[in-house]
2 protein chains.
Amino acid sequence: MKQRLAAIGTVETLPHRVAAFLSREIESGELNPGTRLPTEQELSEKFGVSRNVVREAIAQLRADGMIEARQGIGAFVLAPEQRAAIRIDREALKDTHNMERLFELRCILEAESAALAAARRGQAHLDSIKEALDRMGGEERWEEGSIDADLLFHREIARATGNSYIHTFISFVCEQIRHSIHYARMTNPLHDLVEINVGEHVRIYEALVAGDPAAAESAMRAHIIGAANRVGVKLPLSKTSGAK
Amino acid sequence: MKQRLAAIGTVETLPHRVAAFLSREIESGELNPGTRLPTEQELSEKFGVSRNVVREAIAQLRADGMIEARQGIGAFVLAPEQRAAIRIDREALKDTHNMERLFELRCILEAESAALAAARRGQAHLDSIKEALDRMGGEERWEEGSIDADLLFHREIARATGNSYIHTFISFVCEQIRHSIHYARMTNPLHDLVEINVGEHVRIYEALVAGDPAAAESAMRAHIIGAANRVGVKLPLSKTSGAK
DNA sequence: TCAATTCAAGTTGTAGGATGATATGCATCA
DNA sequence: TGATGCATATCATCCTACAACTTGAATTGA
């Protein structure tokens with residue numbers, strides 16, 4: 001439990017802060033691709049930290065493919081197309097518009113994945129999905145337990161597609177949304193009633209059992225739109241009509 | 001231990017190699033979530049590098065949410081659900097099955113995005129998409145030029161959705177595929193005839209101009225399946241039939 | 001003058017030690 | 001017994017030094 005607290009309250013380490021600063025400067029366009037960064041020496045003076053801290057920060061940006069460091073010359077900003085990793089700025093998610101966009105992406109991913117899962121799921125998949133479903137409804141308190149079960153439900157469906165990349169992407173997007181909502185509840189207790197609609201989940205599960213891709217897709221789509229609404233995000237209809 | 005490694009393109013730095021080693025150990029399951037890593041001291045001795053190098057490696061893994069370091073205690077492996085970034089192992093993409101899965105994910109993302117783009121695109125979007133289309137056909141040599149134009153074409157469509165996350169995700173997936181194919185061509189000259197089917201692109205563009213989401217979606221789906229076939233990846237039908 | 005070589009300065013890469021901050025367990029003492 | 005304080009282990013940060021690499025200017029030789 002003590003670990004729990006430590007895990008939630010992320011410690012802001014110096015390299016992390018420096019990396020975040022530079023990252024923002026690059027994303028915002030203040031540092032165009034091709035631009036040379038200040039030297040490590042200059043950066044350490046500018047931020048008032050040691051060169052080691054700057055190096056750790058640059059190591060992160062380098063691993064993400066945001067910059068490229070060349071020995072003897074310097075570090076240069078790379079084009080956004082050459083990113084080696086996808087990362088979502090959690091600050092930006094406090095803006096409802098961005099949350100809306102993320103839900104839209106999630107809807108795209110999960111709707112088609114549900115269809116794939118309906119076509120490919122095995123009995124073992126159905127069992128683990130069912131288990132998550134039961135955990136969701138069985139939980140007395142709408143606290144961590146049922147939210148975790150909800151996430152597990154979606155992850156298990158993604159796993160049932162048999163495509164590990166789909167699983168990775170969906171897990172990632174869901175986790176970002178969960179974290180953001182969790183944060184919103186911490187700062188604004190009004191949000192305490194984040195209800196989970198069990199009926200929507202059951203409909204998805206039944207479509208999977210029946211092996212009906214079209215039904216699974218539309219049930220998942222309806223569910224995500226509903227989930228978005230329940231946290232105050234109005235999803236643009238996307239292609240609810242076009243799916244027919 | 002003075003190996004001369006003339007890796008093409010990327011200079012293999014020590015922190016990168018250490019991070020890759022640890023990363024693989026975690027991904028492969030040798031280090032389960034919750035496990036404590038050896039101390040920085042031990043790692044630096046084990047790999048024969050300085051503690052600074054180990055720290056830079058750990059900084060990368062930490063930024064990705066693969067491990068969590070707690071001052072005074074140690075560093076611990078985190079569960080795969082808590083990843084803060086998506087990263088695709090390029091080694092794994094040499095396996096055709098993985099390439100197939102990635103194409104499937106791309107198909108999901110781009111098909112629905114094309115539909116969204118058809119509904120939301122403005123004139124400026126159409127112009128830049130058309131420009132990429134012209135660059136693609138105009139190129140004499142099927143070398144870098146037309147491949148870049150092809151990627152740009154897809155990115156501009158993603159941008160026309162007005163959803164920056166969709167744009168990020170699609171750009172990322174496309175870039176991983178491009179890099180992998182580029183690498184395959186380097187090692188196996190047989191692949192030299194990676195043709196680009198202009199007709200498929202034109203059909204997508206026309207659907208966008210017409211503002212027809214359903215047509216855009218099916219044209220995009222057909223195009224990606226075709227593109228996969230042309231590089232030797234047979235895409236499982238996914239939901240070509242279910243889309244009707 | 002001109003070309004080739006050498007050299008010096010600047011920058012990142014790596015090494016190693018020192019000190020501060022934090023968590024844990026043990027010993028001490030009332 | 002129980003609370004306190006100390007020693008230890010570990011990560012966080014800082015510092016200095018040197019190696020490897022690049023660039024451009026100074027030097028040298030014809």
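Since the structure is predicted, the reported quantities are computational estimates derived from the model, not experimental observations. We name chains A, B, ... by the order of the sequence lines, and we start the count at 1 in each one.
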Look at A:D64 together with A:R83 and state whether they make a salt bridge at an N to O cut-off of under 4.0 Å.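 No salt bridge links A:D64 with A:R83.
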Is any NZ, NE, NH1 or NH2 atom of the basic residue among A:R62 and A:E68 found under 4.0 Å from an Asp or Glu carboxylate oxygen of the other?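 No, no charged N to carboxylate O under 4.0 Å.
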Less than 6.0 angstrom separating the ring centers of B:H154 and B:H167, yes or no?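 Ring-ring flag for B:H154/B:H167: false, centres at least 6.0 Å apart.
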Below 4.0 Å: OP1/OP2 of [N] and any side-chain N or O of [X]:
| X | N | answer |
| --- | --- | --- |
| B:R70 | C:dA23 | no |
| A:T39 | C:dG10 | no |
| A:R51 | D:dC15 | no |
| A:S44 | D:dT13 | no |
| B:S50 | C:dT14 | no |
| A:R62 | C:dG13 | yes |
| B:R36 | D:dT10 | yes |

If you check the A:I73 side chain, which of C:dT12, D:dT22, D:dT13 turns out closest?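 From the listed options, D:dT22 comes nearest.
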Identify which nucleotide among D:dC14, C:dA15, C:dG20 has an atom closest to any side-chain atom of B:V53, counting heavy atoms from C-beta outward.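 Taking heavy atoms from C-beta onward, the closest nucleotide is C:dA15.
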Nearest-angstrom distance from the residue atom [atom1] of [X] to [atom2] of [N]:
| X | N | atom1 | atom2 | result |
| --- | --- | --- | --- | --- |
| B:E45 | C:dA15 | CD | C1' | 14 Å |
| B:E40 | C:dA15 | CD | C1' | 15 Å |
| B:E56 | C:dA15 | CD | C1' | 12 Å |
| B:Q41 | C:dG16 | CD | P | 10 Å |
| B:F76 | D:dT10 | CZ | P | 11 Å |
| A:E12 | D:dA12 | CD | C1' | 14 Å |
| A:I58 | C:dT14 | CD1 | C1' | 15 Å |
| B:E42 | D:dA9 | CD | P | 11 Å |

Closer to the 5' end of DNA chain C via nearest nucleotide, is it A:N52 or A:A75?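 The residue mapped nearer the 5' terminus is A:A75.
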Distance criterion of 3.5 Å, no angle test: do you see the side chain of A:Q71 paired donor-to-acceptor with the base of D:dA20?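 A donor-acceptor contact between them is present.
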Are B:H125 and B:R159 close enough that a side-chain donor and a side-chain acceptor fall under 3.5 Å?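 Note: B:H125 and B:R159 side chains miss the donor-acceptor criterion.
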Are more than 12 heavy atoms from other residues, nucleotides or ligands located less than 6.0 Å from atom CD of B:E25?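 Enclosed.
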For A:L14 and A:G72, find the nucleotide of DNA chain D closest to each by heavy atoms; which residue's nucleotide sits nearer the 5' end?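 Nearer the 5' end of the strand: A:L14.
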